[in-house]
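To start, the structure under review is shown below, and the notes come after it.
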Amino acid sequence: MGMVTASSAVLAPSTHSLRCRGTLSGVPRLRLRPASPGVGALRLDNFVQRCYVANVEVDVGNLNKEEAFDDHTSLLPGCSIPVVHILGDVLDSSPFPLLDSTPHPIDFEELPVLSEGEQNTLAATPAHPAGLYALYASYLFGNLVEQLWNFAWPAALAILHPSLLPIAIVGFFGKLSVFVGAPIIGKLMDHFPRIPMYTGLNAVQVATQLISAAMVIYALESMGHASTSALLLRPWFIALVAAGAIERLAGLALGVSMERDWVVLLAGTNRPVALAQANAMLNRIDLLCETLGASIFGFLLTKYDPVTCLKISCGLMICSFPLLVMLGHVINSVSCHALFTSRTPSDESICADLFDVHKIVKNGLGSIKHGWNEYKQQTVLPASVATVFLNFNVALAPGAIMTALLMHRGISPSIVGAFSGLCSVMGLVSTFISSSLVKRVGILKAGAAGLIFQAALLSIALTVYWAGSISQRTPLLIFLASIALSRLGHMSYDVVGTQIIQTGVPASKANLIGGMEVSIASLAELVMLAMAIIANDVSHFGFLAILSVSSVAGAAWMFCRWLGNPTDEQRELFIFDPHFQLQAT
């Protein structure tokens, strides 16, 4: 997997030199080892006086990284080229002599490790910066349309019917589809080429959004007043529920693909600062789109009737599809086809079995079982479980339950709105803090800091609530400020935890394990929503708050325990993290 032999390389004639597909300015180290027994070395007559190999970045397993050679004098006949083992992400950019007119293979010593400044420069340099910029553009356009629709359909249903039950049912089946379908779609994504899968998922998402919009427009134009039970049995509502569930699953698959797979390939697995900055940028774009989507549709509603607003949204969906497809190909082309991979015959058989109509239920359950087995065997399992635990916090976070509590206590709507806005600002600020933390203390300690910070502030908020004085101005401000500031820790860990999982999960299983994690997180949300339905009285908010703080504290304890008792595999995986470098010294 990490070995390249000269006999497998294509050597140009003496009139040509080996050319690079792309070079990088940063560099760790290279190990060159002699060929193993039984592997014959390619022999030529002689070398030029000096021959160089530099600025090389090779991933033999995927064959989608950069391969680069300096454009020096051609190799002349008469030399032996040993087996070359490529270790690490990239090679040293400083040229080094391979052979000096030696007729036989020789041993090579490991090159000196880079200086601290050079390592920091490399860690902050993306492998494919142009590809990352194209990824940001694709993420922006796709997320903006998705967030616009996520605000549009509940608003339209609320106009159509005063009850919250239709919205709750559509949302419930959307969560349920994610819980059931995420492991299956994750397995498929790991066995399909990235670009065709990306194009197909975008097509499915846009098509289901258009179907959902058509159903809502039909209802707004033709449906009069109806009872809730009569509305739920209408064919258009059943079609809306089905299309909404498929749209949520397609959106989830696209998010997992970009956030767990593509960004890692483009930023570089062994470039922690660059990967942290890329993850932070994706989070900023997500927060920006969430705000803009709601603002755009809200502005349209002030100017036009709901049907016209939905038709404008449909136009944006249709226009976004060719743009997203084009950007997907741009990402691949400007990153030296880093996203291009082929399926093996065994992969094709897996996909064929998964689509076998006679075995669809059996294979679906098998995919979920396989996803669960892979998920629980991952090296960074505690970091992933901590992410799932954070989803149990539905009370001490901005959302419907918190809004209901504040309105029930007679809090001014302006204060409620300011609280939501402050939480969004804290989330945006955390994306800048997280990348700075990774650069200063490493990703592991940055993750622990985020969880501990969130747990501490939520404990303060819980204490103030149980003191029973949030109806007064000062305790109320302390209560809301503690929750808002806790979003710094929450979003920081969201960015850092994602990077830890990206580092620990192989690219071949990124979508499967990522889909399984989202599926379990959706189950956690469903459990907490069910408990909120059972304890639907506002007087039971304290019980939900205790569960929320306990889940966050449990996540912090689990992560810190994992960090304090590292395994050899964990040390090897995060060998460049300052936490383990200090322990080694």
Side-chain angles (χ1 to χ4, degrees), residues 26-29 87-90 113-127 132 259-260 263-284 378-387 389-390 429-456 488-506 510 552 555-585:
V27 280
R29 56 186 180 179
L87 299 179
D89 189 35
V90 293
V113 179
L114 295 176
S115 67
E116 183 178 355
E118 291 171 325
Q119 290 180 9
N120 291 337
T121 300
L122 174 69
T125 304
L132 273 180
E259 296 169 11
R260 296 294 176 89
V263 70
V264 179
L265 293 175
L266 298 175
T269 308
N270 292 337
R271 303 179 187 213
V273 177
L275 186 55
Q277 292 171 345
N279 287 328
M281 180 59 73
L282 292 181
N283 274 268
R284 289 170 205 152
Q378 61 177 316
T379 307
V380 292
L381 177 63
S384 180
V385 174
T387 301
F389 272 33
L390 295 183
V429 171
S430 68
T431 61
F432 294 95
I433 294 176
S434 59
S435 57
S436 177
L437 275 176
V438 169
K439 189 174 182 179
R440 289 176 179 272
V441 302
I443 57 176
L444 297 178
K445 287 187 176 179
L451 290 172
I452 293 172
F453 185 79
Q454 183 183 7
L488 285 173
H490 176 85
M491 294 303 297
S492 293
Y493 183 78
D494 186 51
V495 175
V496 174
T498 297
Q499 183 175 348
I500 293 173
I501 298 168
Q502 289 167 339
T503 304
V505 175
V552 176
W557 173 82
M558 180 187 305
F559 187 89
C560 291
R561 186 173 182 273
W562 175 65
L563 185 60
N565 300 278
T567 62
D568 292 338
E569 189 176 5
Q570 183 183 346
R571 293 177 184 276
E572 182 179 354
L573 187 62
F574 299 99
I575 189 172
F576 296 111
D577 192 271
H579 176 66
F580 293 128
Q581 288 181 344
L582 288 174
Q583 289 184 351
T585 57

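Atom-to-atom distance recorded for I500:CD1 and W562:CH2 is 5.5 Å, nearest 0.5 angstrom. Between atom OG1 of residue T121 and atom CZ of residue R271 there is a gap of 11.5 Å, rounded to the nearest 0.5 Å. In this structure, L437 CG and S492 OG are separated by 6.5 Å, a value rounded to the nearest 0.5 Å. We find the CG-CD distance between L563 and Q570 to be 7.0 Å, quoted to the nearest 0.5 Å. For the atom pair CG (D494) and CD (Q454), the distance works out to 10.0 Å, reported to the nearest 0.5 Å.
The heavy-atom pair separating G504 from L573 by the smallest distance is CA-CD2, 3.4 Å. Of all heavy-atom pairs between P126 and A274, the closest is N-CB, 3.8 Å.
Checked by atom type and distance alone, the side chain of Q499 pairs as donor or acceptor with a backbone atom of P272 at under 3.5 Å. Although no hydrogens or angles enter the test, the distance criterion places no donor-acceptor pair under 3.5 Å between the side chain of S384 and the main chain of L381.
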Please tabulate, for the side chains in residues 276-283, all donor-acceptor contacts under 3.5 angstrom to protein atoms that are two or more places apart in sequence or on a different chain.
{"unit_1": "N279", "atom_1": "OD1", "unit_2": "Q502", "atom_2": "NE2", "d": "3.1"}
{"unit_1": "N279", "atom_1": "ND2", "unit_2": "L275", "atom_2": "O", "d": "3.2"}
{"unit_1": "N279", "atom_1": "ND2", "unit_2": "Q502", "atom_2": "OE1", "d": "2.9"}
{"unit_1": "N283", "atom_1": "ND2", "unit_2": "N279", "atom_2": "O", "d": "2.9"}

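Atom CG of D568 has 12 or fewer heavy atoms from other residues, nucleotides or ligands within 6.0 Å.
Under the side-chain hydrogen bond (donor to acceptor under 3.5 Å, both in side chains) criterion, S430 pairs with no residue at all, not counting sequence neighbours.
Between Y493 and V552 there is no side-chain heavy-atom pair separated by less than 4.5 Å. Under the 4.5 Å side-chain criterion, counting only non-hydrogen atoms from C-beta, L451 is in contact with L390. Using a 4.5 Å heavy-atom threshold, the side chains of V380 and F574 count as touching.
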Would you check, one step at a time, whether the test side-chain contact (heavy atoms from CB on, under 4.5 Å) holds for R260 with V505? CA-CA 9 Å; R260 296 294 176 89; V505 175; over 6 Å; no
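Among the candidates L444, I443, I501, the single residue satisfying the side-chain contact (heavy atoms from CB on, under 4.5 Å) test with V496 is I443.
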